Student: 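Following this message is one structure expressed as structure tokens.
Numbered from 1 within each chain, the chains take letters A, B, ... in sequence-line order. These figures come from a predicted structure and were not determined experimentally.
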Amino acid sequence: MNILIYTETREGSFKKQGFELISYAKALSGMTGGEVISLAIGEIFDEELKKAADYGASRIIALEADQLPDNRNLSKLLIQWIKQANAQVILFADNNTGKAIAPFVAAGLKAGIATGITGLPEKTDPFIVTRKIYSGKALAKIQVKSHYKILLLAANTFGIKNDPVVPVIERHNIEAEYFESPNKIISTEKQTGKILLGEAEIVVSAGRGMKSPDNWGSIEELAQILGAATACSRPVSDEGWRPHGEHVGQTGKVINPNIYFAFGISGAIQHVAGISGSKVIVAVNKDHEAPIFNVADYGIVGDVNQVLPKMIEAARKIKTE
Amino acid sequence: MKILVCISNVPDTTTKIVIGADDKNINTAGIQWIINPWDELALTRALELKDAGKISEVVVANVGTAITEATLRKSLATGADRAIRVNTEPADAWTVASNLSEVVKNEPFDIILCGIESSDHNGSSVGGLLAGMLDLNFISSVSGLDIENEKLTVQREIDGEKEILETQGPVLLVIQKGIAIVPRIPSMRGIMQARTKPLQIVEATSSESMTETVQVTLPPEKGKCKMIDAENAGEVIRLLREEAKVL
Ligand SMILES: Cc1cc2nc3c(=O)[nH]c(=O)nc-3n(C[C@H](O)[C@H](O)[C@H](O)COP(=O)(O)OP(=O)(O)OC[C@H]3O[C@@H](n4cnc5c(N)ncnc54)[C@H](O)[C@@H]3O)c2cc1C
Ligand SMILES: Nc1ncnc2c1ncn2[C@@H]1O[C@H](COP(=O)(O)O)[C@@H](O)[C@H]1O
């Protein structure tokens, strides 16, 4: 079974999770046999393209474009290449793009789709994978019955593994028809350089216990020292204290970082739904009965204003050691 | 302009999950059913647009058994004009989307709204599948919608990036938070009116599925939380490096 990975690009490079997806595909190919094929659409540098081989992609395809086609055309372009590459398993990142494109592709291929998976299939004939349901409150083993199988891997759940191969690298152009769209882009506000919350290994997050948006300076400082992304609870973004993109939980982002710091967050079940995939949770709350301590690995009962400076100092020390 | 809001019926988000006797479903005894939170926000925005005179009719649809009718009635009480229920117990997102696609083929809509995911199965699939089956223009991660002279202005947000698009119907929008902030709830008058609003039941046209749940389990219990004295808060950073080995 050939495996095709849709590797997203950002500013000429692969998005970080692309390498994790390739590592996953390489491991999966050990079970299924077949070729590991990566496909990128957009702008990508030659040097960067080669990196896909470090993790096991033996065929590396780049479809060049200054701008991505709209969702529908992007999906159709993928369907065309999946068929061309004779791929049977198609792998996406379990992020906004993957969730947007994968189902449309699934409709075109008549494929079963498993989102939010966190590991390799238990077996491949029948093809059985485990995924989280009820926002992590339960796990479901599902059988993907169709010929084509579409998998969306949650970030930071498999890890990046070096497994170099000698690749074939191809660049192609995209036919003009794929850029026709009824949608006209009026404006875009881009964010450059920032660590993306969905991909971050460390996340420093805070809730209503911070009392005011003016107190976020120390949250950002700690994040900056640790190379972390910042996040928040829902009321914080609803109040406009922080941007909506930072909201984690049931109705916000679901993240799987290695470390999640929760400052002044009560740990409501809908918040925990977004962070239960974290490897280690550190909670700081002045109330020793706050439910966040039921899911945390390390807890500090105390005032955020007193605890944060001490953590910042310790983090700075460890980073300069 | 006519708008269709696809409504998923889900257990209340605070539900404690208990595995059912067959090991393939959860035990639904005593569960409080609600409108999926994103669908509720999508419906809220649809009703706001109707109040502003920009939408002529708001229709809600669900693929499900009679158990979902309370949720559809609540949508009507909140202000939707009519409801359609496709009568079947859906096996997966494919079954849901193929039955919804029949609804849309029978009755075209200018705008179709789906949520980004159902809070029960977390599939994030139905919207894109439905667009794919209908070969319909679709826009994902939608956090804002306005209409002016038949023209739609759509705001998308991904990883802190914002995009404003202009488009026209027919289009399927996959909705995330931001589309509306406070979900609208039924008024007393709405509840009275809902009793006489049409709730149409149609038989399912397809029961085909692409995936099948083999087993449902609970995740392993979390270990105990290690408490650190606030005076010594910096210690946690050391533990993250030396004990947990994640820093
Ligand atoms: C359908 C639905 C979906 C939802 N989705 C989400 C979601 O996706 N994400 C989400 O986060 N929430 C969500 N919620 C809301 C959720 O139920 C909680 O209301 C919310 O998470 C609480 O946010 P918080 O912990 O920041 O605030 P609070 O609950 O107000 O908690 C503040 C905490 O800070 C502590 N504190 C106060 N002062 C200090 C101090 N000086 N030092 C230390 N600690 C202090 C308090 O002890 C308290 O525990 C949802 C709710 C519903 C009904
Ligand atoms: N049974 C259903 N009936 C109608 N719409 C549904 C149903 N299930 C899901 N949807 C719609 O599809 C969206 C995504 O659901 P899912 O793919 O199940 O995560 C939901 O927010 C609804 O808008």
Student: Out of A:Gln250, A:Glu246, A:Lys317, A:Met311, return the one with the most heavy atom pairs under 4.5 angstrom to chain B.
Tutor: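 The answer is A:Gln250.
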
Student: So which atom in A:Ala231 and which in A:Val203 form the shortest heavy-atom distance, rounded to 0.1 Å?
Tutor: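 Smallest interatomic distance, heavy atoms only, reads CB-CG1, 3.6 Å.
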
Student: Taking side-chain contact (heavy atoms from CB on, under 4.5 Å) as the criterion, tell me which of B:Glu166, B:Met1, B:Lys54 meets it with B:Leu152.
Tutor: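 Passing option: B:Met1.
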
Student: Shorter than 4.5 Å, heavy atoms on both sides: which option in A:Gly302, A:Gly227, A:Pro243, A:Ala140 has the most such pairs with chain B?
Tutor: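 Greatest number of close heavy-atom pairs with chain B: A:Ala140.
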
Student: Counting heavy-atom pairs under 4.5 Å with chain A, which one of B:Leu136, B:Thr213, B:Asn137 comes out on top?
Tutor: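 The answer is B:Asn137.
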
Student: B:Thr205 and B:Glu102: side-chain donor and acceptor closer than 3.5 Å?
Tutor: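 Per modelled atom types, B:Thr205 and B:Glu102 side chains form no pair under 3.5 Å.
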
Student: Any luck finding a side-chain donor-acceptor pair between A:Thr115 and A:Asp94 under 3.5 Å?
Tutor: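 No, A:Asp94 and A:Thr115 have no side-chain donor paired with an acceptor closer than 3.5 Å.
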
Student: Tell me the closest heavy-atom pair linking B:Val86 and B:Ala204, and the distance in Å.
Tutor: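 That closest heavy-atom pairing would be CG1-CA, 3.7 Å.
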
Student: Using non-hydrogen atoms only, which part of A:Asn95 is less than 4.5 Å away from chain B: side chain, backbone, both, or neither?
Tutor: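 The answer is neither part of A:Asn95.
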
Student: Checking heavy atoms, do the side chain of A:Gln270, its backbone, both or neither come under 4.5 Å from chain B?
Tutor: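 Just its side chain gets close to chain B.
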
Student: Please classify the contact of A:Val280 with chain B as side chain, backbone, both or neither, using a heavy-atom distance under 4.5 Å.
Tutor: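 For A:Val280, the side chain is the part near chain B, not the backbone.
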
Student: Any idea which of B:Ala97, B:Ala93, B:Gly178, B:Ser209 has the most non-hydrogen atom pairs under 4.5 angstrom with chain A?
Tutor: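 Among B:Ala97, B:Ala93, B:Gly178, B:Ser209, the one with the most close pairs to chain A is B:Ser209.
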
Student: Looking at B:Asn122, B:Ile26, B:Ile116, which one has more heavy-atom pairs under 4.5 Å with chain A than the rest?
Tutor: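 Highest number of pairs under 4.5 Å: B:Asn122.
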
Student: Does any heavy atom of chain B fall under 4.5 Å from the side chain of A:Ala111, the backbone, both, or neither of them?
Tutor: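 Only the backbone of A:Ala111 comes within 4.5 Å of chain B.
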
Student: With a 4.5 Å cut-off on heavy-atom pairs, point out which of B:Ala244, B:Pro37, B:Gly127 contacts chain A the most.
Tutor: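 Most heavy-atom pairs under 4.5 Å with chain A: B:Ala244.
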
Student: Which one wins on heavy-atom pair count under 4.5 Å against chain A: B:Lys24, B:Glu208, B:Gln155?
Tutor: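 It is B:Glu208.
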
Student: Show the nearest heavy-atom pair for residues A:Thr230 and A:Leu197, with the distance to one decimal.
Tutor: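 Looking at all heavy atoms of both residues, the closest pair is O-CD1, 3.9 Å.
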
Student: Flag the one option from A:Thr188, A:Ile186, A:Leu152 with the top tally of heavy-atom pairs under 4.5 Å to chain B.
Tutor: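 Top option by heavy-atom pairs under 4.5 Å: A:Ile186.
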
Student: With a 4.0 Å cut-off on N to O distance, would you call B:Glu243 and B:Lys226 a salt bridge?
Tutor: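 Judged by the 4.0 Å cut-off on N to carboxylate O distance, B:Glu243 and B:Lys226 do form a salt bridge.
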
Student: Does the pair A:Glu199/A:Lys15 count as a salt bridge with the N-to-O cut at 4.0 Å?
Tutor: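 The answer is no: the pair does not qualify as a salt bridge.
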
Student: Please classify the contact between A:Glu313 and chain B as side chain, backbone, both or neither, with a heavy-atom cut-off of under 4.5 Å.
Tutor: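 Nothing of A:Glu313, per the 4.5 Å heavy-atom cut-off to chain B.
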
Student: Under 4.5 Å from any heavy atom of chain B, what part of A:Pro182 do you find: side chain, backbone, both or neither?
Tutor: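 Both parts, backbone and side chain.
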
Student: Contact part of A:Ile269 toward chain B, heavy-atom cut-off under 4.5 Å: side chain, backbone, both or neither?
Tutor: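 Interface part for A:Ile269: side chain.
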
Student: Salt-bridge test for A:Lys16 and A:Glu201: reply yes if a basic N is under 4.0 Å from a carboxylate O, no otherwise.
Tutor: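 Between A:Glu201 and A:Lys16 there is a salt bridge, with a charged N closer than 4.0 Å to a carboxylate O.
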
Student: Salt bridge between B:Asp135 and A:Lys76, side-chain N to carboxylate O under 4.0 Å?
Tutor: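 Looking at A:Lys76 together with B:Asp135, the answer is yes, because their closest N to O distance falls below 4.0 Å.
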
Student: Do B:Arg156 and B:Glu161 meet the salt-bridge criterion of a basic N to acidic O distance under 4.0 Å?
Tutor: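 Here B:Glu161 does not pair with B:Arg156 in a salt bridge, since their nearest N and O are not under 4.0 Å apart.
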
Student: Whether B:Glu235 and B:Arg238 form a salt bridge (side-chain N of Lys/Arg under 4.0 Å from carboxylate O of Asp/Glu) is what I want to check.
Tutor: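 A salt bridge links B:Arg238 with B:Glu235.
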
Student: Do you know which of A:Ala107, A:Ala273, A:Gly245 has the most heavy-atom pairs under 4.5 Å to chain B?
Tutor: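 Of A:Ala107, A:Ala273, A:Gly245, A:Ala107 has the most heavy-atom pairs under 4.5 Å with chain B.
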
Student: Carefully, step by step, assess A:Val295 and A:Ser276 under the rule side chain to side chain contact (heavy atoms under 4.5 Å, CB included).
Tutor: CA-CA 8 Å; A:Val295 295; A:Ser276 61; over 6 Å; no

Student: Could you check whether A:Asp297 pairs with B:Lys222 (Lys NZ or Arg NE/NH1/NH2 to Asp/Glu carboxylate O, under 4.0 Å)?
Tutor: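 Here A:Asp297 pairs with B:Lys222 in a salt bridge, since their nearest N and O are under 4.0 Å apart.
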
Student: Using non-hydrogen atoms only, which part of B:Ile228 is less than 4.5 Å away from chain A: side chain, backbone, both, or neither?
Tutor: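 Contact with chain A is through both the backbone and side chain of B:Ile228.
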
Student: Side chain, backbone, both or neither: which part of A:Lys149 has a heavy atom under 4.5 Å from chain B?
Tutor: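 Neither part; nothing is under 4.5 Å.
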
Student: Check each atom of A:Ile202 against the heavy atoms of chain B and say whether the ones under 4.5 Å are side chain, backbone, both or neither.
Tutor: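 Contact with chain B is through the side chain of A:Ile202 alone.
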
Student: Please rank A:Lys110, A:Lys99, A:Arg131 by heavy-atom pairs under 4.5 Å with chain B and give me the top one.
Tutor: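 Option with the greatest count: A:Lys110.
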
Student: B:Thr167, B:Val216, B:Val236, B:Asp120: which one forms the most heavy-atom pairs within less than 4.5 Å of chain A?
Tutor: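 Most heavy-atom pairs within the cutoff with chain A belong to B:Asp120.
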
Student: If the test is side-chain contact (heavy atoms from CB on, under 4.5 Å), which one of B:Leu218, B:Asn27, B:Asn25 qualifies with B:Ile19?
Tutor: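 Testing each of B:Leu218, B:Asn27, B:Asn25 against B:Ile19, the sole residue satisfying side-chain contact (heavy atoms from CB on, under 4.5 Å) is B:Leu218.
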
Student: Using heavy-atom distances under 4.5 Å, tell me whether A:Ile185 contacts chain B through its side chain, its backbone, both, or neither.
Tutor: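 Interface part for A:Ile185: both.
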
Student: Name the region of A:His288, side chain, backbone, both or neither, that has any atom closer than 4.5 Å to a heavy atom of chain B.
Tutor: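 Contact with chain B is absent: no heavy atom of A:His288 under 4.5 Å.
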
Student: Determine whether A:Lys137 and A:Lys132 satisfy the following criterion, side chain to side chain contact (heavy atoms under 4.5 Å, CB included), listing intermediate values before the conclusion.
Tutor: CA-CA 8 Å; A:Lys137 286 193 277 183; A:Lys132 286 198 245 180; over 6 Å; no

Student: At their closest point, which heavy atom of B:Ala180 faces which heavy atom of B:Glu48, and how far apart are they?
Tutor: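 Smallest heavy-atom distance, with atoms named: CB-OE2, 4.4 Å.
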
Student: As an exercise: rank A:Thr251, A:Leu226, A:Thr130, A:Val144 by heavy-atom pairs under 4.5 Å with chain B and give me the winner.
Tutor: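 Heavy-atom pairs under 4.5 Å are most numerous for A:Thr251.
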
Student: Please classify the contact between A:Val301 and chain B as side chain, backbone, both or neither, with a heavy-atom cut-off of under 4.5 Å.
Tutor: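 The answer is both parts of A:Val301.
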
Student: Quick check on the structure: residues of residues 256-263 of chain A within a heavy-atom distance below 4.5 Å of chain B, by number.
Tutor: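 Residues in range: A:Asn258, A:Ile259, A:Phe261.
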
Student: Given that the side chain runs from C-beta out, which part of A:Ile312 has a heavy atom under 4.5 Å from chain B: side chain, backbone, both or neither?
Tutor: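 No part of A:Ile312 comes within 4.5 Å of chain B.
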
Student: Could you tell me which residues satisfy side-chain hydrogen bond (donor to acceptor under 3.5 Å, both in side chains) with B:Arg241, sequence neighbours excluded, listed by chain and number?
Tutor: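 Per chain and number, B:Arg241 pairs via side-chain hydrogen bond (donor to acceptor under 3.5 Å, both in side chains) with no residue.
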
Student: Does a donor on one side chain sit under 3.5 Å from an acceptor on the other, for B:Asp92 and B:Thr211?
Tutor: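 Judged by distance alone, the side chains do pair up.
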
